[in-house]
Amino acid sequence: MKVLMFHNVAKPPKSARLKSLYVKPDKFEKWMRILSKLNYKFVKEEDLAPKGRGVLLTFDDAYKDFLENAFPVIKELRAHAIVFVPAGLVGQFNRWDFKKVNAIKPIMSWDELSYLVKAGIEIGSHTLSHPFLTKLSIKDAKREIEDSKKLLEDKLGVKIKSFCYPYGDYNQEIAELVREAGYEYAYTTVKGKYKDSPNRWEIKRIYISGYWTTLRFLWECLK
Ligand SMILES: [Zn+2]
């Protein structure tokens, strides 16, 4: 099984940098339909297993284009997905990297996230402000990890079980804080199969690049 990591499902603006973060909507739809035709299971995280042909779809940063372009396909195919929300920036935009990527990307509102929860999409925490966690004091890192969970739970009325390290930045101390905060799963940006993850708080994923061809995408899911 593989955990697939997406960011934007949208056509990149001309001026945007790091365009590999954008998978175009028609490409996304095509890829998901092919996986479905090939009888891939779109698993939930509680169904993650060392063996079996399945993918878990994850979407970092909770951009509005998820709702517009990815969710309709996910809904139609009865797939599952986790959306990782920078909880302190709900209804705002990618404050942490808008200069670097030269694009302002709107983040979903609380109402939109509530709508997704009702539709069966899982919400996970991506901290409050999307910092490099290993560069913070332990006190500040704890706050980002714990308060984002509380805020999401208060606003959405569901238990938040999963966490995603911003920039994939973590170490053993940070992973321990995440576990102590009550998260059951945490996702990294380390490339690999689910079964090769050291434990549930260091889950490996596959970064899906918008530049890939369909063949490359399928190869990455299959190999
Ligand atoms: Zn992120």
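One-based numbering, in listed order, for ligands and for the atoms of each. The figures that follow rest on heavy atoms only: side chains count, while hydrogens, waters and symmetry mates do not.
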Taking the basic N atoms (NZ, or NE/NH1/NH2) and the acidic carboxylate oxygens, is any pair closer than 4.0 Å for K150 and E153?
no

Between R205 and T188, is there a side-chain donor-acceptor contact under 3.5 Å, judged purely by atom types and distance?
no

Identity of the N, O or S atom of D61 lying closest to the Zn ion (ligand 1):
OD1

What N, O or S atom of H126 is found closest to the Zn ion (ligand 1)?
NE2

Can you confirm whether or not the ring centre of Y165 sits under 6.0 Å from the ring centre of H126?
no

Specify whether an N/O/S atom of H7 falls short of 2.8 Å from the Zn ion (ligand 1).
no

Distance check below 2.8 Å: does D60 bring an N, O or S atom to the Zn ion (ligand 1)?
no

Could K149 and E144 be called an ion pair, given the rule that one side-chain N must be under 4.0 Å from one carboxylate O?
no

Do you know which N/O/S atom name in H130 is closest to the Zn ion (ligand 1)?
NE2

Mind checking whether Y187 and F163 have ring centres under 6.0 Å apart?
no

